[in-house]
Engineer: 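The following block contains the structure, expressed as structure tokens.
Heads up: numbering here begins at 1 and tracks the sequence.
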Amino acid sequence: QTQQEQLSAKQNDLLNMQGHITRFETLRAQGMVGTPARAQWVEQLQASYQGLGFDNRIAYQLQAPQTFVVVAAQAADAEAQAEAEAAGEAPVTQFHDLKFEMHDGHEGDVINLIRNYRDAVKGHFRVQSCVLDGAKDDGLSANCVLRFFTMLPPPPAAKTETPPN
């Protein structure tokens, strides 16, 4: 009976995995799951900036990754997730802030840069903030933060050998 229950549970797990593997592979191909492509994010920002023909240099800073904290409204789930992460049983969700600063551009230039970058970069981000100031005849300054999200898979479970009978 116990073995039948275990088999049934494993079959249900297999069906669940088969039902979601396509979505998982899509997320991995998009850079949302797995090792973050941090170096490529920076390289693509430079390439997008240069590809649009801007003359000035772009300054950027990629912050250290931070663990994503679940909002307090989901405290019970957050607590369970934190325990699972601490035990190495759950994926860790991180965010990475890529800050950039450009000068002597216009609002449309900033929007074009972000659109071009979004279409070319491997990964998903949101514009966390973007401050436009210092408007002059030759343009303005933009200080923006793009926030990438990634899920690191849990480390592989340690193999435990069963002693021979």
Engineer: Report the distance from atom CE of M102 to atom CG of L45, rounding to the nearest 0.5 Å.
Structural biologist: 10.0 Å

Engineer: Could you check F148 against F95 for side-chain contact (heavy atoms from CB on, under 4.5 Å), going step by step and ending with a plain yes or no?
Structural biologist: CA-CA 5 Å; F148 285 85; F95 67 89; over 6 Å; no

Engineer: Hey, what's the ring geometry for F125 with Y117, parallel, tilted or perpendicular (30° and 60° as the breaks)?
Structural biologist: tilted

Engineer: Could you work out, with side-chain contact (heavy atoms from CB on, under 4.5 Å) as the rule, every residue matching Q18, not counting sequence neighbours?
Structural biologist: L14, L15

Engineer: Flag the pair K122 / Q40 as yes when at least one side-chain heavy-atom distance between them is below 4.5 Å, and no otherwise.
Structural biologist: no

Engineer: Decide whether I111 and L98 are clustered together by the hydrophobic rule: side chain heavy atoms of Ile, Leu, Val, Met, Phe, Trp, Tyr closer than 4.5 Å, transitively.
Structural biologist: no

Engineer: Could you pull out the closest heavy-atom pair between A120 and Q44, with the gap in Å?
Structural biologist: CB-NE2, 3.3 Å

Engineer: Do the non-hydrogen side-chain atoms of Q63 and K99 ever get within less than 4.5 Å of each other?
Structural biologist: yes

Engineer: Considering only heavy atoms from C-beta outward, does the side chain of F100 approach that of Q61 to under 4.5 Å?
Structural biologist: no

Engineer: Looking only at the side chains, is there a donor atom on one of S8 and Q4 sitting less than 3.5 Å from an acceptor on the other?
Structural biologist: no

Engineer: What residues form a side-chain contact (heavy atoms from CB on, under 4.5 Å) with H124, not counting sequence neighbours?
Structural biologist: Q30, M32

Engineer: Identify, with sequence neighbours excluded, every residue that meets side-chain contact (heavy atoms from CB on, under 4.5 Å) alongside L52.
Structural biologist: F54, N112, L113, N116

Engineer: In a table with atom names and distances, give each donor-acceptor pair under 3.5 Å that connects a side chain of residues 128-145 to protein atoms at least two apart or in another chain.
Structural biologist:
{"unit_1": "Q128", "atom_1": "OE1", "unit_2": "R126", "atom_2": "NE", "d": "2.7"}
{"unit_1": "Q128", "atom_1": "OE1", "unit_2": "R126", "atom_2": "NH2", "d": "3.0"}
{"unit_1": "S141", "atom_1": "OG", "unit_2": "H103", "atom_2": "ND1", "d": "2.8"}

Engineer: Could you state the interatomic distance from CE (M17) to NZ (K10), rounded to the nearest 0.5 Å?
Structural biologist: 10.5 Å

Engineer: For the CD atom of E5 and the OG1 atom of T2, what is their distance to the nearest 0.5 Å?
Structural biologist: 5.5 Å

Engineer: Do the non-hydrogen side-chain atoms of T93 and T67 ever get within less than 4.5 Å of each other?
Structural biologist: no

Engineer: Side-chain contact test, heavy atoms from C-beta onward, threshold under 4.5 Å: evaluate it for H20 versus N16 and give yes or no.
Structural biologist: yes

Engineer: List the residues meeting side-chain contact (heavy atoms from CB on, under 4.5 Å) with R57, not counting sequence neighbours, and say none if there are none.
Structural biologist: none

Engineer: Just jot down the salt bridge (Lys or Arg N to Asp or Glu O under 4.0 Å) partners of D97, sequence neighbours excluded, or say none.
Structural biologist: R147

Engineer: Using a 4.5 Å cut-off on heavy atoms from C-beta on, say whether the side chain of L152 contacts that of P36.
Structural biologist: yes

Engineer: If you group Ile, Leu, Val, Met, Phe, Trp and Tyr by side-chain heavy-atom gaps below 4.5 Å, do M151 and V121 land in one group?
Structural biologist: no

Engineer: Rounded to the nearest 0.5 Å, what's the gap from CZ on R38 to NE2 on H96? Could you check?
Structural biologist: 6.0 Å

Engineer: Does any non-hydrogen side-chain atom of Q46 lie less than 4.5 Å from one of Y60?
Structural biologist: yes

